[in-house]
Amino acid sequence: MNAARPGSPVPLLGAGTGGSTVPALSEALRPAPPPGRAQGGAGVLPAHRLTVAAFDALARGGGGVEALGVLARAQRSKRMLLLRAIVEEAGDGTTRDLYAELARAHRRSPGVVDDVLAYPAVGVWAWRTLSALTTRGESAALARLAGLVAACAARLGERFTGEVPVRSGLAALPSLGAAHVGGRHAAVRVGPYGTRLVGGHRTVRVNGEGWLGLSRRRAGAATLVLDDVDPDRFPPGVRLRPRLAARETGHWWKTIAEAVELLRRHHPGSAEECLAVTGVLTPVAGPAGIQVSASSRHAFGSIALSVPVDAPGTAVTLVHEVQHSKLNALMDLFELAPPDTGERFYAPWRSDPRPVDGLLHGAYAHLGIARFWRVQRHVERNAAARVHAHVEYVRWRDGALAVSRLLAGRLLPPGERLAAGMREVLESWLDDPVPPEAARTAAGLARDHRERWKPRRARAADPPLP
């Protein structure tokens with residue numbers, strides 16, 4: 001192996017052999033400098049540019065293929081920067097050798113390696129590993145880099161031998177699946193006759209007996225993955241479901257397919273965005289009959305959600321979390337909110353007071369939710385379902401507008417432009433005809449929520465109703 005020399009700068013994957021040491025993410029991913037300033041150089045990532053029109057489309061709650069493509073490419077650069085930072089921070093020969101192997105694979109087949117790098121579990125692992133290295137000097141998670149290299153080798157049909165960690169009895173290869181093996185580490189061997197994991201006197205072949213593969217389904221031109229095995233499939237803070245039974249997996253895919261079809265038929269723009277941004281669904285625990293969900297800045301491309309209840313509820317959940325994913329990616333490109341001052345505010349969708357950036361996230365997500373119900377209220381055939389859709393539309397339109405107005409003057413310039421776009425859309429919907437009964441119900445629900453929140457009012461600002 002022709003690894004980088006210890007102590008020498010580590011080039012970016014696919015870049016020249018030169019290159020500087022890793023810059024801060026905020027510096028590397030900030031908006032591109034004006035034309036005429038130096039942009040290139042060996043090992044330097046390309047600038048990621050959003051046109052004014054694309055930014056404004058995102059501000060209005062949409063974005064389209066152009067804007068989402070920029071966000072996805074910026075996330076790819078973020079993963080590359082994280083990897084290089086991990087290698088430089090670790091500073092050991094084994095890690096550099098693995099990175100050199102990955103870099104050679106990237107030069108031969110960049111699309112395959114980029115696909116593995118884009119897998120959400122890789123982002124979670126990379127952030128967790130770099131944080132542990134820089135704050136606590138821990139290096140235990142470094143061993144998973146071998147799994148990343150092995151996954152690329154397996155996809156390319158090339159040889160590789162290494163050792164991967166075993167967590168909770170599972171040795172995982174990101175984007176491929178996992179195997180139950182014994183011990184603390186498992187040998188991984190990739191060759192012309194397939195990929196094997198060996199640990200605790202047990203050998204498991206990828207796609208063979210004992211292999212826990214990932215369930216996949218086509219959705220138009222996109223592929224959705226159900227990941228219920230990778231230990232890094234989502235950051236801490238949610239209760240991950242263990243491996244689903246076949247019957248459960250069938251219910252998931254049936255409901256997801258119905259939700260995607262609903263979006264395609266009645267919300268084509270949202271369907272396009274959901275399939276462009278979301279590649280992985282991560283099952284989490286939640287109350288029976290209630291859909292809970294989450295997204296993470298470190299797991300771009302993944303949505304965590306509990307058992308899908310029905311097609312409309314799942315569809316709006318996908319829309320909701322894709323809004324968060326878009327804003328997370330945008331926050332890696334632009335500073336939207338100032339540093340937290342400790343000031344907290346009322347949010348119509350939360351029981352706890354929120355900081356400014358949390359308010360922005362909630363308002364942006366509920367702009368997407370309101371957009372969904374604005375259309376869905378004219379789609380529902382059942383009378384009760386139509387009333388429910390009208391109520392949801394009014395409640396979240398008004399709540400998102402109240403918060404977006406509260407944010408005026410509290411954000412940095414890109415954030416102000418974003419919030420202004422949100423307000424423009426939401427205000428344009430105020431004259432939409434709504435059945436009086438639905439309007440009264442929505443107003444009553446909003447009042448009840450504020451009344452229950454009043455004990456916390458002394459510690460937070462309370463935005464006026466629109």
Side-chain angles (χ1 to χ4, degrees), residues 50-75 217-224 255-281 291 293 295 300-303 305 308 310-330 333 360-380 386 389-390 392-394 396-397 400-401 404 417-432:
L50 270 178
T51 64
V52 171
F55 186 96
D56 288 344
L58 285 165
R60 295 175 63 85
V65 173
E66 177 195 353
L68 297 183
V70 175
L71 297 182
R73 290 190 294 274
Q75 289 297 303
R217 291 290 187 278
R218 295 290 296 175
T223 298
L224 292 175
T255 312
I256 293 293
E258 291 171 352
V260 170
E261 180 58 28
L262 185 155
L263 290 174
R264 278 181 169 160
R265 185 175 300 174
H266 304 294
H267 313 263
S270 294
E272 183 179 63
E273 291 194 352
C274 287
L275 295 176
V277 171
T278 307
V280 178
L281 305 173
Q291 185 85 73
S293 61
S295 53
F300 182 81
S302 178
I303 291 176
L305 67 163
D310 55 29
T314 302
V316 75
T317 294
L318 294 176
V319 170
H320 174 185
E321 296 303 340
V322 165
Q323 289 293 103
H324 282 303
S325 294
K326 289 191 296 183
L327 191 55
N328 279 329
L330 199 61
L333 285 168
L360 181 61
H361 252 292
Y364 193 69
H366 283 80
L367 166 60
I369 291 171
R371 186 189 299 276
F372 173 88
W373 290 116
R374 184 172 189 251
V375 173
Q376 193 65 21
R377 65 202 177 113
H378 299 302
V379 170
E380 298 290 353
R386 274 199 308 274
H390 277 293
E392 291 292 288
Y393 168 56
V394 173
W396 303 128
R397 177 199 66 186
L401 179 56
S404 66
R417 188 179 186 100
L418 186 79
M422 293 164 57
R423 286 193 298 274
E424 180 183 350
V425 171
L426 291 161
E427 287 172 350
S428 73
W429 294 346
L430 288 176
D431 292 331
D432 285 348

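Side chains are part of it too, since the values below use all heavy atoms of this structure and drop only hydrogens, waters and symmetry mates. Only a predicted model underlies this, so the values are computations on that prediction, with no experimental measurement involved.
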_Testing the basics here: between Phe300 and Ala72, what is the closest heavy-atom pair and its distance to 0.1 Å?_
CE2-CA, 4.2 Å
*Where do Ala400 and Ala363 come nearest, in terms of heavy atoms and distance?*
CB-O, 3.8 Å
*Determine, step by step, whether Trp429 and Tyr393 satisfy the side chain to side chain contact (heavy atoms under 4.5 Å, CB included) criterion, reporting the C-alpha distance in whole Å, the side-chain angles of both residues, the deciding distance to 0.1 Å, and the verdict.*
CA-CA 10 Å; Trp429 294 346; Tyr393 168 56; 3.0 Å; yes
*asked:* Tell me the closest heavy-atom pair linking Arg417 and Asp56, and the distance in Å.
replied: NE-OD1, 2.7 Å
*asked:* Do Arg423 and Ser404 pair up side chain to side chain, a donor and an acceptor below 3.5 Å, judged on atom types alone?
replied: no
*I would like to know whether His390 and Trp373 meet side chain to side chain contact (heavy atoms under 4.5 Å, CB included); could you show each step before the answer?*
CA-CA 7 Å; His390 277 293; Trp373 290 116; over 6 Å; no
*Rounded to the nearest 0.5 Å, how far apart are CG of Leu426 and CZ of Arg60?*
10.0 Å
*Do Arg217 and Ile256 come within less than 4.5 Å of each other through their side chains, counting heavy atoms only?*
no
*Closest non-hydrogen atom pair between Phe372 and Ala315, with its separation*: CE1-CB, 3.9 Å
*Leu327 pairs by side-chain contact (heavy atoms from CB on, under 4.5 Å) with which of Leu71, Leu58, Leu418?*
Leu418
*Considering residues at least two apart in sequence or located in another chain, which fulfil the side-chain hydrogen bond (donor to acceptor under 3.5 Å, both in side chains) criterion with Arg264?*
none
*Measure the NE2-CD distance between His267 and Glu272 for me, rounded to the nearest 0.5 Å.*
15.0 Å
*Arg218 side chain to Ala221 main-chain N or O, any donor-acceptor pair under 3.5 Å?*
yes
*I would like to know whether Arg397 and Asp432 meet salt bridge (Lys or Arg N to Asp or Glu O under 4.0 Å); could you show each step before the answer?*
CA-CA 11 Å; Arg397 177 199 66 186; Asp432 285 348; 5.0 Å; no
*Aromatic ring proximity His366/His320, centre distance under 6.0 Å*: yes
*Report the C-alpha separation of Val277 and Leu68 in whole Å, then their side-chain angles, then the decisive distance to 0.1 Å, and conclude whether the side chain to side chain contact (heavy atoms under 4.5 Å, CB included) test is met.*
CA-CA 7 Å; Val277 171; Leu68 297 183; 3.9 Å; yes
_Exercise: identify the closest heavy-atom pair between Gly362 and His324_ = N-CE1, 4.4 Å
*Apply side-chain hydrogen bond (donor to acceptor under 3.5 Å, both in side chains) to Asp310 and list each qualifying residue two or more places apart in sequence or on a separate chain.*
none
*Could you go step by step and tell me if Lys326 and Glu273 meet the salt bridge (Lys or Arg N to Asp or Glu O under 4.0 Å) rule?*
CA-CA 9 Å; Lys326 289 191 296 183; Glu273 291 194 352; 2.7 Å; yes
*Given side chains that start at C-beta, do those of Leu262 and Thr314 come closer than 4.5 Å, heavy atoms only?*
no
*Quick one: do Leu401 and Met422 satisfy side chain to side chain contact (heavy atoms under 4.5 Å, CB included)? Show the steps, please.*
CA-CA 8 Å; Leu401 179 56; Met422 293 164 57; over 6 Å; no
*Leu263 vs Val319 side-chain heavy atoms within contact, under 4.5 Å*: yes
*Measure the spacing between CG of Leu281 and OG1 of Thr317 and express it to the nearest 0.5 Å.*
11.0 Å
*Between the main-chain N or O of Val425 and the side-chain N or O of Ser428, is there a donor-acceptor pair closer than 3.5 Å?*
yes
_Any Trp396 side-chain heavy atom under 4.5 Å of Leu367 side chain_ = no
_By side-chain hydrogen bond (donor to acceptor under 3.5 Å, both in side chains) - contacts of Glu321 (at least two apart)_ = Ser293, Ser295
*Where the side chain of Arg377 meets the backbone of Arg374, is there a donor-acceptor pair that is under 3.5 Å apart?*
yes
*Close side-chain approach of Gln291 to Val316, heavy-atom, < 4.5 Å*: no
